[in-house]
Amino acid sequence: MSSDPGGGIPCGGFPCQPVVCSTLIPAPPVDPGTNDCAYRAGNLWWVDYVAGSLAWSEPRSARPVTVAIFDDGAWIDHEELRHQLWTNEAEAHGKAGVDDDGNGYVDDLHGWDFVDDSPDVSPKGVCRERASHGTLMASLVAAERNNGVGIAAPGSDGARLMILRVVGCEGESLQVNPARLVRALHYATRMGARILSFSAHWSLTTPELDAAFREIADDPDSPVAAIVVASVPNKGEPAAGYPAAYDFRRIVRAIPIGNDNAISPGTSPAPPGRNLGAPSACVIGAGRAPSQYRIEQGSSNSTAILAGLLAGIWASPPYATFGVDQFLAGVVDAHLVGSARRSQPGARPPYLQGVPLADACLLATQRRSAQVCRRPQADREALP
């Protein structure tokens, strides 16, 4: 069946029928207990590729990780997102039109629109007639699992979505505004986001924006520490751009992986550090509300999938009580970055030896595993 990468197609279309646009689609799906139609059809190869289903072998997390989506807003009434949202409980149980928690934002139930200074985080203006990038990214982080329709995601059971609209889709709003980003960063961390997902990148920065990222992603013992998952572009840009260009300790970069375990052509050089390969091609995600879907390619997908996987792992026992730096050192560094499972060698530095692939199978045990984890149990380190 052919696909329309830019179009919205209802769930009755391709999610429930096999789509062949990747050489990496597994068959059959590895988790027969998951009833989302795209998963049953074998179209969510990217979930099994990172062993996202590993997180589903435990009861649903009682301590989900809040993931802040920095993008163009999202259709929060989409069937994949409406039950997966972070909620500001003070505002949810407060009075309309009142700043119930005193954070400077009135009625901020599920995030904030920093472009139009509004609690309505949906796309605005002409953006309402276009594909919403933020909706797609949010679904790749935490689309609802076992709702009988559409897709699932690596963070389905462990992530909750904070929607931050920081760009529009035309004119000046399309450009990254450093002052706007500083406000959004302060909001996200103050309100408890532990993973900040940036599927966008930019080339210019300011001292104020640098300082905001440094406090979150580098300062030891920072009260607002969080993991920044940053996109590394794959359209031939000479440099990775920010925030991937920062050398801060809490930056995790998503390197886009296409077919045949290969780094996507045109991927920009990434600085040394926590660089993990994640799927980029032939990815199905949410489109327009209430029930449309689309296929997309690109490094944005890698970022959202990686953010969802980290949230799914972090929210599950025995890691749910870990602090930010403890999780990075004890899980990301010890098991993911040090993985022997790597992409194919790239054509240019720094990818000549490939990159480690994001893979939750490295955390598999006899008690907690998934069929996609095909390595012998003896090869896995015994974890609690």
Side-chain angles (χ1 to χ4, degrees), residues 8-11 15 34-39 43-44 46-47 52 55-56 60-61 64-89 91-92 107-113 118-124 127-128 130-167 169 188 191-193 195-199 229 283-296 300-301 303-312 315:
I9 302 178
C11 185
T34 292
N35 67 24
D36 304 271
C37 57
Y39 195 84
N43 292 334
L44 298 192
W46 44 276
V47 174
W56 305 341
R60 190 179 183 92
S61 173
V65 172
T66 300
V67 180
I69 308 295
F70 291 75
D71 216 295
D72 64 358
W75 295 109
I76 61 174
D77 53 347
H78 193 283
E79 62 190 6
E80 298 292 2
L81 304 184
R82 60 193 177 200
H83 299 138
Q84 300 295 93
L85 301 169
W86 165 82
T87 297
N88 183 346
E89 296 297 337
E91 296 292 344
D107 296 338
D108 52 318
L109 283 175
H110 305 299
W112 193 257
D113 178 347
S118 164
D120 178 3
V121 296
S122 64
K124 304 293 194 306
C127 303
R128 300 179 68 86
R130 302 182 185 181
S132 166
H133 190 265
T135 300
L136 181 77
M137 295 303 106
S139 72
L140 300 186
V141 171
E144 184 175 2
R145 182 173 73 97
N146 272 345
N147 60 349
V149 297
I151 66 170
S156 290
D157 292 353
R160 289 298 175 267
L161 300 162
M162 178 188 291
I163 308 300
L164 304 178
R165 185 171 182 256
V166 294
V167 293
C169 63
M191 301 308 292
I195 295 177
L196 315 182
S197 183
F198 284 88
S199 287
V229 181
V283 171
I284 297 176
R288 288 288 301 273
S291 59
Q292 289 186 330
Y293 295 82
R294 12 190 310 240
I295 291 181
E296 288 291 351
S300 293
N301 299 338
T303 308
I305 291 167
L306 179 57
L309 180 67
L310 294 179

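The minimum heavy-atom distance linking G52 with L309 is given by the pair CA-CD1, 4.2 Å. Heavy atoms only, all atoms of each residue included: A74 and S132 are closest at CA-OG, 4.2 Å. Residues A307 and V141 approach most closely at CB-CG2, 4.4 Å, considering heavy atoms. The two residues I151 and A143 make their nearest non-hydrogen contact at CG1-CB, 3.5 Å. Pairing each heavy atom of G155 with each of A142, the nearest pair is O-CB, 3.8 Å. A pairwise comparison of heavy atoms in W46 and A152 identifies CH2-O, 3.5 Å as the closest pair.
Listed for the R128 side chain is a donor-acceptor partner under 3.5 Å among the backbone atoms of P123. Judged by distance alone, with hydrogens and angles left aside, the side-chain atoms of S199 form no donor-acceptor pair with the main-chain N or O of T303 at under 3.5 Å. In terms of modelled atom types and a separation under 3.5 Å, the side chain of T87 and the main chain of L109 share no donor-acceptor contact. A distance-only check finds no donor-acceptor pair linking the side chain of E296 to the backbone of N301 [under 3.5 Å]. In this structure, E144 contributes its side chain and H83 its backbone to no donor-acceptor pair below 3.5 Å. Looking only at distances, no side-chain donor or acceptor of Q84 sits under 3.5 Å from a matching main-chain atom of L161.
The CG atom of L136 lies 10.5 Å from the CD1 atom of I284; values are rounded to the nearest 0.5 Å. Rounding to the nearest 0.5 Å gives a distance of 12.0 Å between CG of L310 and CD1 of I305. Once rounded to the nearest 0.5 Å, the distance linking CG of L81 with NE2 of H110 reads 11.0 Å. To the nearest 0.5 Å, atom CG of residue L196 and atom CE of residue M162 are 9.0 Å apart.
Side-chain atoms of S118 and D120 form no donor-acceptor pair, as typed in the model, at a separation below 3.5 Å. Judged by distance alone, the side chains of S300 and H133 do bring a donor and an acceptor atom under 3.5 Å apart.
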Side chain to side chain contact (heavy atoms under 4.5 Å, CB included) between E80 and W75, intermediate numbers included: CA-CA 10 Å; E80 298 292 2; W75 295 109; over 6 Å; no
Side chain to side chain contact (heavy atoms under 4.5 Å, CB included) between S291 and V149: does it pass, once the steps are laid out? CA-CA 9 Å; S291 59; V149 297; over 6 Å; no
Test side chain to side chain contact (heavy atoms under 4.5 Å, CB included) applied to D36 and N147, step by step: CA-CA 6 Å; D36 304 271; N147 60 349; 2.8 Å; yes
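The shortest distance between side-chain heavy atoms of T34 and N146 falls below 4.5 Å. Within the 4.5 Å cutoff, side-chain heavy atoms of V47 are placed close to those of P154. Side-chain contact check for S197 versus F70: every heavy-atom pair is 4.5 Å or farther apart.
Taking the salt bridge (charged side-chain N to carboxylate O under 4.0 Å, His left out) definition, one finds that D113 meets it with K124, R165, sequence neighbours left out.
No option in V283, I69, T135 other than V283 meets the side-chain contact (heavy atoms from CB on, under 4.5 Å) test with L140.
Using bins of under 30°, 30° to 60° and over 60° for the plane-to-plane angle, the ring pair H78/Y293 lands in the perpendicular bin.
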